[in-house]
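Before we start, here is the structure in question, set down as structure tokens.
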Amino acid sequence: MKSHFFIILAFGLVILSPYALHSQDKTLVQLQKQLQDKNPEQRRLAVLSLQRMGQHSQAAIHQLVNVLFQDPDTHVREQAATSLGKLQEHAKIILPTLVDAILYAQDKRDIYLATEVLHELQDHATQVVPELIHALNDPWLPRKVRALEAITRLEKYAKITIPNLIPLLQDKNRHIRQQTILALETFGADAHSAAPTLVDTLTKDPDHDIKLSASRALRKIGPYAKEIIPKLSDALYETSQTNDRNNILYVLEGLRTTFPHEIDEVLSKKPTPTHNPNLCSILCQLVNHSAQWIDEHYKHPPYGFHRETYGFSLLWMSALFLEKASPFCKAAQPIVDNIVSHLAEQSFSSENLTPQRCDFPFEDLKNLSTQILDSLVMIDSPQVYGKEFYILFLRNVLRKKTTLHRDELESLLKKAQDSLRRDLKARPLTANGNSAFNTFALSSALLTLDHVDNEAMQALNESIDPENPLRIKYQSNKNFESERGSAARAIVVHLTRYTKEPQKRETIRKDLIAALQNYVKVLPALIEHWLGGGVHLGQDRLASYYLPASIPHATQALDILLKENRPGEKEVLEKLKIKTKNSLVGLMDENGLFKAPRSQDDNASMGYGHPLFGLALIPLVEKCAPVNKLEP
């Protein structure tokens, strides 16, 4: 029975073959009728049938083109576009029609669909590419734009079209420049010849968004254009524009995956001062400018930050800097004395403050601190860091034998430490949700408290890669970061361990020195990220705020290790100290302040730089003139 079926089927095919063409014509007539059906789904099914016929019938293909441009239903037209794209070489006869539609059609939907089909048929589009290239010079701007958008979809012809695209990077019309950059980014490796011109666009184009687009294109093309690295290096150190610097850094970080040694060399070219500056004078300049930076950032906190918690952190890190600077700069001591009096619920004394400081924001400290310490709201990172600076300030003041209001200050210190310990206990609720208790914050909290929290210390130790102590997790639920990405974090982690785990000190000491060496190696890149104001750029996800947060810990660690005066270590540590000192001094501007990022992407660190960099300088001070001679 089965064999008879195949014999009948074969015989039927032979009998029917003379009528195949007639049958197709009949079917086409039927489908044309179905394409007039009021139901869009019926018309869509007819399109699918035409797709199957198209391999054998030019008439079916032309019918699909009619549907593509004329059917009233968007979904039916999109199905026609899909069907034509699947027909490949059988549909190449419609390529001139598609290009005509792209360049001359009035309906935007027609242009879009024609471009989509052209993209699908590009393997067979050699004949129409010259016409699109010619249209790039069309005097009518819309036609020029259309041609450029179509060429962007023709990745196969990148090498042919790129020489004609490069001049368009200088076009007067920003949309032309933007679309040209998009095309080059799409072409990737094939667009390497355009990379040098893109570097010019990155720094010279008048439009910020165009520059940003150029940086993205260079990230994609750069691995195939090593020759642009020197040009990027020159641009980085010649530009005075923060946004340009940030864009260049973004590109360099992207290229670092392919050219790590070359990019590290670029980022290590940061010039260092040739003179030996007086660090005490620098500290006094910072003290005399403190009212300016505090007032500016306290009254106008960055977008996304609560004024209370941001201000709490800013005021206390500034107060701590002034307290630590007071032995070197006479102007700091009256401010510190007023802060102490205010905390002890005495009124602020103005006799030692200049008139322009009558509204000095330290007047808010008492109420603000009470509010934050008593708060049970969700912990954020400014609260945590602010409590640490508060504790360190009180502890330093209480170390002085002549301190007034000792009982009140000791009570406040206990309250602040209890509050921070309470936050530590709540750490599992916040450690994986924000930066309030990431590894860095966990370390700095443990370093600040006078008693070790064993559970928290265990969590800290578990954040360290057992195979490489320079690789540290960002958060407890994250993977181990690279050595470069961990450089800022590793300093405070190992300093905390060295301070709080004396039984392991000899082993940890090696880790701390290695962390300092790695930190100084990465320091030029951290500085460039600070000046650029970028957030989590590149493979190692460096961020601008890593520098001011970490460098006080680095100079503190250097000071501790050098004072221990271990044989064989002094020369190494002194070299690290000199490089760190030069890097800090190189960040000073002509007004006696530290250079700060101005990128809108950097919300957290604008106000933090001056007090934190000032705190970093203090352990580097070796010898000063008598304090009464340091006033400007």
Side-chain angles (χ1 to χ4, degrees), residues 8-129 131-132 135 138 140 142-143 145-154 156:
I8 293 170
L9 178 61
F11 180 77
L13 291 173
V14 172
I15 295 295
L16 290 174
S17 58
Y19 302 96
L21 185 59
H22 173 73
S23 176
Q24 282 187 1
D25 291 343
K26 183 179 180 181
T27 303
L28 186 60
V29 171
Q30 293 170 341
L31 292 176
Q32 287 173 332
K33 184 178 180 181
Q34 188 175 344
L35 288 172
Q36 305 305 314
D37 196 286
K38 293 181 180 181
N39 186 340
E41 179 60 18
Q42 288 299 316
R43 301 201 302 277
R44 191 186 71 83
L45 292 173
V47 167
L48 289 173
S49 297
L50 286 168
Q51 175 187 325
R52 289 189 287 269
M53 286 182 61
Q55 297 179 3
H56 309 288
S57 171
Q58 289 189 9
I61 291 172
H62 288 302
Q63 190 65 51
L64 283 171
V65 173
N66 290 336
V67 175
L68 179 72
F69 294 126
Q70 296 177 12
D71 194 278
D73 187 90
T74 298
H75 297 295
V76 176
R77 296 177 70 184
E78 288 175 349
Q79 181 61 64
T82 301
S83 295
L84 284 165
K86 289 182 177 180
L87 287 170
Q88 289 298 308
E89 64 176 339
H90 303 289
K92 64 183 181 182
I93 57 173
I94 68 166
L95 285 165
T97 303
L98 295 175
V99 171
D100 284 346
I102 291 169
L103 297 179
Y104 301 102
Q106 300 298 315
D107 190 296
K108 290 183 178 179
R109 192 69 187 169
D110 289 347
I111 299 167
Y112 168 76
L113 291 173
T115 303
E116 289 299 301
V117 179
L118 177 66
H119 170 68
E120 294 300 322
L121 299 180
Q122 64 177 300
D123 285 349
H124 315 284
T126 305
Q127 58 180 340
V128 297
V129 171
E131 185 176 355
L132 290 171
D138 198 292
W140 192 51
R143 191 166 296 131
V145 171
R146 293 180 188 186
L148 181 54
E149 290 174 345
I151 284 174
T152 303
R153 304 301 309 280
L154 297 176
K156 182 180 176 66

key: pair Gln58-Ile93: side-chain heavy atoms closer than 4.5 Å   = yes
request  = Specify the closest pair of heavy atoms between Leu48 and Ser83, including all atoms of both residues, with the distance to one decimal.
outcome  = CD2-OG, 4.4 Å
inquiry  = Return the NE2 to CZ distance between His56 and Arg52, rounded to the nearest 0.5 Å.
reply    = 11.0 Å
remark   = In terms of heavy-atom contacts, Val128 and Pro96 come closest through CG1-N, 4.1 Å
key: Gln63 and Gln32, any side-chain heavy atoms less than 4.5 Å apart   = yes
request  = Please report the closest heavy-atom contact between Pro40 and Val76, naming both atoms and the distance.
outcome  = O-CG2, 3.5 Å
inquiry  = Within the supplied structure, the quantity of interest is the number of heavy atoms (other residues, nucleotides, ligands) at a distance under 6.0 Å from Phe69 CZ; does it exceed 12?
reply    = yes
ask   = Testing Leu35, Ile61, Leu84, Leu45 for side chain to side chain contact (heavy atoms under 4.5 Å, CB included) with Leu50, which one passes?
value = Leu35
request  = Check whether any side-chain heavy atom of Thr115 lies under 4.5 Å from a side-chain heavy atom of Glu149, and answer yes or no.
outcome  = no
request  = May I ask you to test the Lys33-Val29 pair for a side-chain heavy-atom distance under 4.5 Å?
outcome  = no
key: Arg146 side chain to Ala135 backbone, donor-acceptor under 3.5 Å   = no
request  = May I ask you to test the Ile94-Leu68 pair for a side-chain heavy-atom distance under 4.5 Å?
outcome  = no
query = Roughly how far, to the nearest 0.5 Å, is the OG1 atom of Thr82 from the CD atom of Glu120?
reply = 8.0 Å
ask   = With sequence neighbours left out, which residue pairs that include part of residues 97-107 fulfil the salt bridge (charged side-chain N to carboxylate O under 4.0 Å, His left out) condition?
value = none
ask   = Please, which pairs that meet side-chain hydrogen bond (donor to acceptor under 3.5 Å, both in side chains) have at least one residue in residues 85-99, sequence neighbours excluded?
value = Gln88-His124
ask   = Could you give the distance from CG (Leu95) to CD (Glu131), rounded to the nearest 0.5 Å?
value = 11.0 Å
inquiry  = Is the shortest side-chain heavy-atom distance between Leu31 and Met53 below 4.5 Å?
reply    = yes
ask   = Closest heavy-atom contact between Arg143 and Leu103?
value = NE-O, 3.2 Å
key: Closest heavy-atom pair and its distance - Arg153, His119   = O-ND1, 2.7 Å
query = At what distance, to the nearest 0.5 angstrom, does CD of Gln79 lie from CG of Leu64?
reply = 9.5 Å
task = Step through the shown structure and confirm whether more than 12 heavy atoms of other residues, nucleotides or ligands are within 6.0 Å of NE2 on His75.
result = no
remark   = Distance col, row Gln30:CD vs Ser49:OG, nearest 0.5 angstrom, shows 10.0 Å
ask   = With sequence neighbours left out, which residue pairs that include part of residues 65-84 fulfil the salt bridge (charged side-chain N to carboxylate O under 4.0 Å, His left out) condition?
value = Arg43-Asp71, Arg77-Asp110, Glu78-Arg109
Closest non-hydrogen atom pair between Leu113 and Ala81, with its separation = CD2-CB, 4.2 Å
